[in-house]
Amino acid sequence: MIEEKPLNKMPHQVILEGRTRLSISGVLKVESCDENTVVLVTNMGDFIIHGEQLQMNKTDVQTGEFSLEGTVQEMIYADEKSSGKGNGFFSRMFK
């Protein structure tokens with residue numbers, strides 16, 4: 001029998017090597033993936049990767065491991081609190 005880890009107990013690590021290789025643990029789901037943008041659901045929230053020529057190498061949601069190669073330009077954690085309308089810099093400034 002295979003022991004399943006609770007989803008929120010998976011370790012979450014992000015390792016970027018030279019902006020060309022990215023390894024992530026704690027991945028629950030790959031929402032979308034193309035050569036410029038990858039959207040992942042992790043146990044720490046949504047994780048968005050922007051870059052060029054992004055190619056998935058490994059995806060295993062059973063173990064929570066994900067890796068890709070390409071030029072990584074930006075990595076962002078997005079959560080429901082920050083994704084709503086009116087939460088930006090200018091909306092806070094002009095309340």
Side-chain angles (χ1 to χ4, degrees):
M1 180 174 179
I2 298 174
E3 182 181 327
E4 292 185 25
K5 293 182 180 179
L7 297 178
N8 58 356
K9 298 289 184 182
M10 281 186 193
H12 179 64
Q13 294 183 340
V14 178
I15 301 170
L16 179 62
E17 300 174 44
R19 292 185 69 176
T20 59
R21 289 188 180 154
L22 180 64
S23 299
I24 303 171
S25 62
V27 174
L28 306 175
K29 180 180 177 184
V30 178
E31 278 290 317
S32 65
C33 180
D34 63 36
E35 65 180 25
N36 297 314
T37 304
V38 176
V39 179
L40 305 172
V41 177
T42 73
N43 57 1
M44 300 297 276
D46 291 351
F47 191 71
I48 304 164
I49 305 150
H50 294 286
E52 295 176 347
Q53 299 175 349
L54 301 176
Q55 296 178 336
M56 287 192 302
N57 287 339
K58 179 180 183 180
T59 303
D60 188 342
V61 292
Q62 295 293 342
T63 62
E65 295 178 18
F66 176 87
S67 67
L68 64 77
E69 289 187 6
T71 303
V72 176
Q73 297 172 334
E74 181 177 42
M75 297 182 290
I76 304 167
Y77 284 97
D79 58 10
E80 292 178 15
K81 293 178 186 175
S82 65
S83 64
K85 186 175 182 181
N87 291 327
F89 172 75
F90 289 109
S91 67
R92 289 192 309 260
M93 188 125 169
F94 295 109
K95 275 191 173 182

Y77 with L16, same ILVMFWY side-chain cluster at under 4.5 Å: yes
Heavy-atom donor-acceptor pair, H50 side chain to T37 backbone, under 3.5 Å: no
Pairs involving residues 47-64, ordered by first then second residue, that meet salt bridge (Lys or Arg N to Asp or Glu O under 4.0 Å) (sequence neighbours left out): K58-E65
Side-chain (R19) to main-chain (V72) donor-acceptor, under 3.5 angstrom: yes
Least distance between heavy atoms, V27 atom then I24 atom: CG2-CG2, 3.6 Å
The single option from V14, V30, L28 passing side-chain contact (heavy atoms from CB on, under 4.5 Å) against F66: V30
Same cluster (ILVMFWY, side-chain, under 4.5 Å), V39 and V61: no
Shortest non-hydrogen contact from C33 toward V38: SG-CG2, 3.7 Å
Heavy-atom pair with the smallest gap, counting every atom of N36 and D34: N-OD1, 2.7 Å
Inter-residue atom distance D46.CG - K29.NZ, 0.5 Å rounding: 9.5 Å
Interatomic distance, N43 atom CG to S25 atom OG [nearest 0.5 angstrom]: 7.5 Å
Heavy-atom donor-acceptor pair, S23 side chain to I15 backbone, under 3.5 Å: no
For I48 against A78, the heavy-atom pair lying closest together: CD1-CB, 3.9 Å
Contact summary for E69 and R21, nearest pair of heavy atoms: OE2-NE, 3.4 Å
Distance, nearest 0.5 Å, that separates CE of M56 from CG of L40: 9.0 Å
NE2-CZ distance between H12 and F47, expressed to the nearest 0.5 angstrom: 6.0 Å
With sequence neighbours excluded, residues passing salt bridge (Lys or Arg N to Asp or Glu O under 4.0 Å) with E35: none
Residue pair L68 / N57, side-chain heavy-atom distance below 4.5 Å: no
